[in-house]
Amino acid sequence: MRVSDVRICIIRVGGTNCDRETKRSIEDLGAKADVWHLSMLVKKRALHEYDGLVIPGGFSFGDYVRAGAILAKSLTVKLGAELERFIDEGKPILGICNGFQVLVESGLLPGFDGISKYPEAALATNIPIGYRCRWVYLRHENSGKCIFTSEIPRGKVLRIPIAHAEGRFIFPKDRERRLLDRLIENDQLVLRYCSEDGSPANGRYPDNPNGSFYDIAGICNSSGTIFGLMPHPERAFYGWQLPDWTRMEKPPKFADGKMIFFSMIEYITRRF
Amino acid sequence: MSRPLYIRRDLPFELYEVNILEADDEQLARISEERGLALNLREMKAIRDYFRKEGRNPTDVELQTLGQTWSEHCFHKTFKGTIITEGERIDSLFKTYIARATEELNKPWCISIFEDNAGIIQFENDIAVAVKVETHNHPSAIEPFGGAATGIGGVIRDVLGVWGEPIACMDVLGFGPLDYDYKKLPAGVKHPKYIYRGVVAGIGNYGNNMGIPTVNGAIYFDESYVGNVVVYCGCVGILPIRKYIKNGKPGDAIVLAGGRTGRDGIHGVTFASLELTEESEETSRPAVQIANPIEEEKLARAIIKIRDYELASSITDLGGGGLSSAVGETAHKFGCGAHVELDKVPLKQPNIAPWEIYISESQERMLLTVPEENVNRVLEIFMSEDVEATVIGRLTRDKRLKLTYQGWQVADLDLDFLFSPPRFIGSAEWRPPRYAEPEFEEPEDLGEILMKILSSPNVASKESVIRTYDHEVKGNTVIKPLCGVNAGPSDAAVLKPLNDSWRGLVISCGMNPRYGKIDPYWMAASAIDEAIRNNIAVGGRRIALLDNFVWGSPEKPDRLGALVRACKACYRFAREFDAPFISGKDSLYNESPLGPVTPTLLITAIGIIPDVRSAVTSDLKAPGDLIYILGRTYRELGGSEYYRLFGSIGNSVPKVRPEEAKSTFSRLIQAIDSGCVRACHDLSEGGLGVAAAEMAFSGDIGLEIHLQRVPRSETIQRDDHMLFSESNSRFLVEIPEGRRDEFERIMDGATYSLIGRTRKERKLLIYGLNGSRIIDADLGRLMYFWKKTLGG
């Protein structure tokens with residue numbers, strides 16, 4: 001498939017608010033992106049016409065219960081079978097920030113054994129508590145399974161901003177170690193918060209901005225085609241979005257977030 | 001009086017006739033008080049006269065409608081009224097000073113000024129920006145979280161109300177000292193810390209959840225804000241100029257869309273037009289509305305679609321006064337009348353009286369007028385976004401406001417009468433206060449003084465607040481509120497609102513309440529200068545201004561006298577700086593048991609930058625560069641942060657010298673455009689000392705400065721005065737050695753001087769007037785003091 005034939009579906013509901021810049025990022029790379037209100041997408045049964053799906057950031061349905069929980073339920077109830085087919089066909093799904101919360105709440109991530117009936121992890125309230133908007137460093141930890149970072153060398157440090165109040169990735173306390181081992185063994189660990197030089201944040205604030213277990217910022221499912229991350233790659237797409245581009249002699253045209261969208265589109269063109 | 005004051009009509013719902021025809025003066029005052037109208041006797045008499053001519057008593061719906069429409073909050077009686085002051089008669093402060101500057105400047109890029117919900121100016125080609133700044137002080141004093149959140153919600157709707165798509169928010173806040181003694185708090189006044197936390201959380205909750213970046217703001221602390229919290233909320237939107245459609249006509253349907261109407265927000269505007277008292281919490285809690293940012297997000301989506309398809313003939317928001325102001329103003333604006341069926345309004349709960357429905361300020365509601373043939377499509381669009389929308393009435397040919405409920409007429413008012421309240425007549429006097437200019441020996445350790453000023457709440461880093469606001473959402477924030485490697489303070493925000501253009505929008509503000517204690521005239525002048533120089537510091541130009549007054553009761557001559565002085569400065573300096581006012585708002589009656597608010601004028605400046613890639617930030621960029629100061633330093637420490645350290649105010653308030661300022665401003669813009677400016681920072685609170693320290697630790701680059709070389713007036717003889725004077729119109733700039741000649745050629749003719757260099761060693765070194773080293777401070781230490789007060 002040529003890049004210009006790639007069609008990405010961006011889902012939104014009331015409270016979604018990062019759909020426009022996500023669409024812009026994808027379209028800037030030459031693919032086509034359509035923003036669909038979930039109720040319209042359900043009504044028109046249009047998901048199968050797309051090659052990839054993005055659940056963008058925001059506060060879906062106000063996040064009035066756990067962040068992402070209501071949209072997660074809506075997705076599985078209203079799109080269940082279609083979504084499963086979409087996943088089985090190997091079509092990629094990206095969840096950014098609130099989208100990551102949705103993927104975890106809906107059991108798509110970490111998805112050790114396919115879609116789980118109940119969430120196997122959670123994105124809990126930040127420690128220190130509170131909403132925080134800041135640029136963070138992320139180390140790419142994936143050895144090749146995650147198709148969203150296939151164009152990023154392992155060990156590379158990326159800079160992308162976060163903005164959330166509930167981004168602390170956790171596993172159930174009693175199985176924490178075991179599940180982490182599994183995540184690593186399966187090559188499902190993708191991004192970890194780190195310091196500028198790439199050394200682990202080790203839970204230290206503000207390098208680890210939310211107290212995430214094992215500094216986890218982004219993970220993929222067992223097939224590598226579903227990826228969720230708390231940072232916002234669409235806000236780190238262009239060089240002029242960088243927080244310190246005025247300090248650079250020649251600011252780059254693009255910033256690190258671009259590689260995530262680029263890898264996703266690359267995968268689609270290769271695979272389909 | 002033969003009949004009672006209130007007569008319940010024999011109807012299946014609650015409707016009272018108010019026996020105004022037989023009421024004497026005392027009873028008129030009683031009616032105003034008991035019904036929460038906040039109208040004075042003159043106004044009540046005018047109402048009685050009107051109904052005498054009509055030959056009947058008003059209903060409670062009619063009386064409430066008049067109370068809302070004639071409130072200070074809705075009608076701005078003071079700014080439109082007559083003011084008698086020492087031998088002078090001013091007919092409308094607004095026309096005489098604010099609007100006049102704009103009219104005389106007559107800028108072709110001003111599209112809709114002062115007449116709609118927000119000011120609209122051209123941005124690029126056929127794209128315009130709409131800007132509005134509001135206050136939400138009274139509600140925030142009672143319920144900080146809800147008050148601030150609905151303040152943001154309200155100003156966003158103002159922008160939607162001119163068909164603008166919101167792209168950024170701004171917030172300027174004023175609190176009492178966070179360490180204020182609990183024992184000194186009068187009953188009914190909440191502690192500044194409680195208010196601070198609630199307001200900040202409320203703002204974040206609304207802007208973040210709705211997905212609008214908060215890109216600019218400020219926080220000030222002042223004793224007078226203990227009883228009168230100050231919450232300014234601003235919003236910028238963008239719209240294609242040809243989509244600015246406002247042409248309602250008789251027969252158009254009146255569509256109410258968004259949240260349901262409830263009992264929250266009853267009497268918000270009349271409450272805002274009264275002084276706060278011990279009982280305010282008890283009596284006015286229902287005046288504070290409840291916020292739902294997600295509802296507004298959906299509403300905004302639908303409205304932008306309706307705009308793009310050009311389906312509606314007009315739009316306005318429901319803010320203060322609720323339906324009563326939205327319906328009345330819409331009909332009046334188009335020379336129409338209106339007929340509204342109040343029972344069609346979707347309600348949160350049953351059994352709300354007609355008058356409550358009509359004046360409720362429930363949030364997230366918008367009013368559209370829609371030509372009959374488009375009604376179904378408009379309703380469908382709202383439905384597609386899960387937004388409730390209902391046709392509640394029509395514009396009519398007669399100029400009357402007719403309201404019905406279950407088929408019964410509950411109001412029938414002449415719209416011309418409704419919009420011509422008796423003119424406010426106020427008397428004003430201003431006596432300059434005399435504060436002693438403090439006399440003290442120059443402190444020995446100015447480094448220690450600098451650290452104290454850096455850690456004073458007004459100067460200290462606001463990072464702990466800024467980071468709780470999403471300033472990145474929408475992905476268009478080019479210059480963010482924090483800059484450099486250490487989250488230094490940005491002078492202004494720059495947005496890149498269009499995907500296919502490099503043109504940027506520059507947003508900045510200026511506010512100097514401490515100067516207002518000495519002279520509101522120079523406070524206003526300084527605020528204008530500060531807002532403009534912040535804008536220019538990052539590369540902004542073609543600046544438009546917004547004025548937002550927070551003042552005490554205009555019924556007290558000294559408060560009004562101060563207001564007149566501030567307005568005079570607004571006119572003069574808007575003219576001088578070629579910067580028209582495009583929108584503004586006043587919040588008066590900010591009085592509490594602790595006294596009046598310090599007269600506070602917020603000036604917001606909206607500039608443009610032709611190419612965002614040429615924007616400049618304030619953090620130092622590299623060692624070995626040249627540091628210049630632009631502008632002259634005078635012995636102006638009145639109201640300064642330095643004097644505050646000594647518990648003094650002083651009298652030598654900073655002035656604005658427009659000729660000097662303009663010669664600096666125009667050359668600085670040229671220099672920025674030439675690309676030779678690596679960093680630029682304006683000098684404000686804490687003067688040269690603070691600006692130099694901020695630039696250095698923001699960039700983590702050392703700096704050496706020689707005070708001997710700073711252009712100064714003869715009155716400056718001391719290092720402390722030199723370092724901490726807050727004279728206006730000054731900047732520090734960083735220029736690479738290789739572009740020295742070019743920069744000096746551009747600056748030729750202005751007051752400027754090379755005063756130092758950037759250094760590798762992470763220190764701030766300052767040499768005094770006699771050449772000796774007076775400050776030798778580690779940048780980490782300076783930053784520590786700057787960040788510790790409010791947390792990093």
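Lettering of chains follows the sequences in order, A, B, ..., and the numbering in each one begins at 1.
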Applying side-chain hydrogen bond (donor to acceptor under 3.5 Å, both in side chains), run through B:Asn292 and A:Tyr64 and close with a yes or a no. CA-CA 11 Å; B:Asn292 180 357; A:Tyr64 290 130; 3.2 Å; yes
Verdict with reasoning, A:Thr246 to B:Arg678, per side-chain contact (heavy atoms from CB on, under 4.5 Å): CA-CA 8 Å; A:Thr246 60; B:Arg678 275 201 165 138; over 6 Å; no
Give the C-alpha distance, both sets of side-chain angles, the deciding distance and a yes or no for side-chain contact (heavy atoms from CB on, under 4.5 Å) between A:Trp240 and B:Ile479. CA-CA 9 Å; A:Trp240 53 262; B:Ile479 301 294; over 6 Å; no
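Open room surrounds CZ on B:Arg197; 12 or fewer heavy atoms of other groups in view lie less than 6.0 Å from it. Atom CD of A:Glu49 has more than 12 neighbouring heavy atoms from other residues, nucleotides or ligands inside a 6.0 Å radius. B:Arg762 CZ: 12 or fewer foreign heavy atoms inside a 6.0 Å radius. For B:Lys305, the NZ atom is densely surrounded, since the number of other residues' heavy atoms within 6.0 Å is greater than 12. Residue-environment remark: CZ (A:Phe254) exceeds the threshold of 12 foreign heavy atoms within 6.0 Å. The 12-atom threshold is exceeded at CZ of B:Arg503, counting heavy atoms of other residues, nucleotides or ligands nearer than 6.0 Å.
Residues A:Arg24 and B:Asn476 form a side-chain contact, since some pair of their non-hydrogen atoms from C-beta on lies under 4.5 Å apart. For the pair A:His232 and B:Asp470, the minimum side-chain heavy-atom distance is 4.5 Å or more. Side-chain contact between B:Glu472 and A:Cys133 is present, with heavy atoms from C-beta onward closer than 4.5 Å.
Heavy atoms of B:Leu620 lying under 4.5 Å from chain A belong exclusively to its backbone. For a residue to count as touching a neighbouring chain, one of its non-hydrogen atoms must lie under 4.5 Å from one of that chain's; by this rule B:Leu299 does not touch chain A. Only the side chain of A:Asp19 comes within less than 4.5 Å of a heavy atom of chain B; its backbone N, CA, C and O stay farther away. With a 4.5 Å cut-off on non-hydrogen atoms, B:Val387 does not touch chain A at all. Neither the backbone nor the side chain of B:Asn205 comes within contact range of chain A; no heavy atom of the residue lies under 4.5 Å from a heavy atom of that chain. With a 4.5 angstrom heavy-atom cutoff, B:Asn209 touches chain A via backbone and side-chain atoms both. Proximity to chain A (any heavy atom under 4.5 Å) is shown, for B:Ala615, by both the backbone and the side chain.
Put simply, NZ on B:Lys474 and CZ on A:Arg20 are 4.0 Å apart, with the number rounded to the nearest 0.5 Å. The distance from atom CG of B:Asn499 to atom CD of A:Glu21, rounded to the nearest 0.5 Å, is 10.0 Å. Separation of atoms CD1 (B:Ile294) and CG (A:Asp63) is listed at 7.5 Å; rounding is to 0.5 Å. From A:Arg134, atom CZ reaches atom CG of B:Leu482 across 9.0 Å, with rounding to the nearest 0.5 Å.
Although no hydrogens or angles enter the test, the distance criterion places no donor-acceptor pair under 3.5 Å between the side chain of A:Glu234 and the main chain of B:Gly475.
Between A:Glu249 and B:Lys621 there is no salt bridge, since none of the side-chain N atoms of the basic residue sits less than 4.0 Å from a carboxylate O of the acidic one. For B:Glu297 and A:Arg12, the salt-bridge test fails: no basic side-chain N is under 4.0 Å from an acidic carboxylate O. Salt bridge status for B:Asp700 with A:Arg247: absent, with no side-chain N to carboxylate O gap under 4.0 Å.
Ranked by heavy-atom pairs under 4.5 Å with chain A, the list B:Lys298, B:Lys480, B:Glu295 is led by B:Lys480.
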